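Order of appearance sets the numbers: ligands from 1, and atoms from 1 within every ligand. This structure is a prediction, so every number in the text was calculated from the model and none was measured. Below, all heavy atoms of this structure are taken into account, side chains as well, without hydrogens, waters or symmetry copies.
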Amino acid sequence: MVTLNEDYLKLPGSYLFSTIAKKVAAYQAEHKDADIIRLGIGDVTQPLPQAVIEALHKAVDEQGSAETFRGYAPDLGYSFLREAMAENDYRQRGCDIADDEIFISDGAKSDSANIQEIFGADCRIAVCDPVYPVYVDTNVMAGRAGDYDKDTETWSRVIYMPCVAENGFVPELPGETPDIIYLCYPNNPTGGAITKEQLQRFVDYANKNGAVIIYDAAYEAYISDPAVPHSIYECDGARTCAIELRSFSKNAGFTGLRLGATVIPRDLKAKTMKGETELHSLWARRHGTKYNGAPYIVQRAGEACYSEEGKKQIREIIDRYMKNAAYLLNGLKEAGYEVYGGVHSPYVWLKTPGNMTSWEFFDMLLDKAQVVGTPGSGFGPHGEHYFRLTAFGSYENSVRAIERIKAMKAVR
Ligand SMILES: *Cc1c(COP(=O)(O)O)cnc(C)c1O
C-alpha cells in the first residue's frame, strides 16, 4: 500500500484562524444583533491602485490579439519587471542588485516556503519567536525540524530567537549556530522594525559563520524612518549571505492577484561535496523546473507599481492604513495598554493586561467589546501574553473599536 510522507504527519494542526472563526461564529449565533468589528485580518481591504487597473486592462487587451498575445512567460520573469524592481527597489537605494538576480514569482508565501528546498537536509534553521508559521512548517515538511514537543510547542532541531518587549522585538544573535536564519522586518506579527545597525550585526554574523539569511521584506513599504532599512542589501556584505523576499501583496494590494520576487545575488555560495556552488544557479534550476512563470498581465500590473502614478497611489493606500495604525496605537495607549508596532507596520502588538493569556484576552475583547483580534500565542510561545490588531480595517471601524475598548476598561 502507498505510504505517506511522515514528515507531513508530524505537523500539529493549525488551529489559530479556525479557532478564531469558530469562536466568532459561536458568539454571533448567541448574540444575533452583535456588530462585530474584525481587526484580526492579515489581508488588505483597499482596492488596487488605478495605475495597476489600467495596466491590467491594457495587458488583457494585448492577450486578445494575435500580434500582442503572450504565452508562457520566461520562467524567471519578464525583463521589464525585473529591471523595474532592480532599479526602483535596489539601485535607487544604493543596493547593488542586477536585474537577473531577481526571480519573479507568484508571491512571498510560496517563495518563503520553497526556498528551503535548495539547502541540505541537515541544515539547522533559526527563527524568531513569535514567527510567520510558513518558515517553520515548510522545514517540518522537509524533515529538517526534528521532533515536536507539545508542552513547549517547539521543534528539537529549530533554533528559536525570542522577540519580546525587553529586546525591542529584535532577537539576540542565536545561541547555537544555525545554517539558515529567517528574519522578517518590519515584522509580522509583532509590528517591530529593525535598524540598519541591528541588521548589520546579523549580516556580519552570517558571513562569519557561513550561514544564509532569508530576509522577508514583505512590509518594507510601511517604513517611515530613514534609519530603518528597506532591504537587507543596504548592509555591507549582504550579497554574500542574504536572500531577500519581496511581495506586491501588502503594499499594492496584490493578495488576490499574486506577485512576488526572490532576490539571490550571484556572490551567494554554499558548500557542496565538491567545493562551493552559487545559490543563484540552483534556484534558477529549481524555478525553471517547477514553475512556469507569473502571468503576463500580472507582471504588467507589477510594472505599473513603479510608474510615477503607481508609486503615488500606493503611498496613498499605505498612508490610509497607517492612519488606522496610529489611531489604534494612540487609542490603546490612552486606554492604558502597553502597545508596540504600528509605526513601520500595519500591525499593532499589545501586551495583554493583568497577565491574561492571549486567548483569555481574545475572549474578553469579543465578549465585552465585540472586537476580534489575533492571539499572540498562535504565532509561537513567546507570543503568549501578547495580542495582534491590524490596521487593514476601515478608519471608522478602527475608531469604533477604540471607543469600545476604552469603555471596556471601565467595566473590567
Ligand atoms: C503577507 C505576508 C507575506 C506575503 O505573502 P504573499 O504570498 O506575497 O501574499 C509574506 N511574508 C509575511 C510575513 C507576510 O505577513
Atom 7 (O) of ligand 1: nearest protein contact (heavy atom, Å): Arg258 NH2, 2.6 Å
Heavy-atom contacts with Ser249 under 4.0 Å: which atoms of ligand 1 show up? List them by number with element. 6 (P), 8 (O), 9 (O)
Given Glu101, which partner from the list Arg246, Arg82, Arg239 fulfils the salt bridge (charged side-chain N to carboxylate O under 4.0 Å, His left out) test? Arg239
Counting only nitrogen or oxygen atoms and a 3.5 angstrom limit, does Phe248 reach ligand 1? no
If you measure every N/O of Lys109 against every N/O of ligand 1, is any gap under 3.5 Å? yes
To which protein heavy atom is atom 2 (C) of ligand 1 closest, and what is the distance rounded to 0.1 Å? Lys250 NZ, 2.5 Å
Are Phe379 and Tyr132 an aromatic pair, judged by ring center distance below 6.0 Å? no
Does the residue Cys184 have a heavy-atom contact with ligand 1, meaning some pair of atoms that are separated by less than 4.0 Å? yes
Please identify which atoms of ligand 1 are closer than 4.0 Å to at least one heavy atom of Ala218. 3 (C), 10 (C), 11 (N)
Indicate yes or no: does Arg404 engage Asp35 in a salt bridge with an N to O separation below 4.0 Å. yes
Any N/O of Ser110 closer than 3.5 Å to an N/O of ligand 1? no
Select the closest option to atom 13 (C) of ligand 1 among Val44, Asp216, Asp106, Thr255, judged by heavy-atom distance. Asp216
Indicate the ring-plane relationship of Phe80 and Tyr78, choosing parallel, tilted or perpendicular according to the 30° and 60° boundaries. parallel
Note: ligand 1 atoms sitting under 4.0 Å from heavy atoms of Gly107 are 7 (O), 8 (O)
Would you confirm whether the ring centroid of His344 sits within less than 6.0 angstrom of the ring centroid of Tyr185? no
Would you say the ring centers of Trp349 and Tyr386 fall short of 6.0 Å from each other? yes
Can you spot which of Leu268, Asp111, Ile243 makes a side-chain contact (heavy atoms from CB on, under 4.5 Å) with Trp283? Asp111
Using the side-chain contact (heavy atoms from CB on, under 4.5 Å) rule, pick out the option among Gln313, Lys311, Glu309, Glu54 that qualifies with Pro49. Gln313
Would you say Tyr219 contacts ligand 1, with heavy atoms under 4.0 Å as the rule? yes
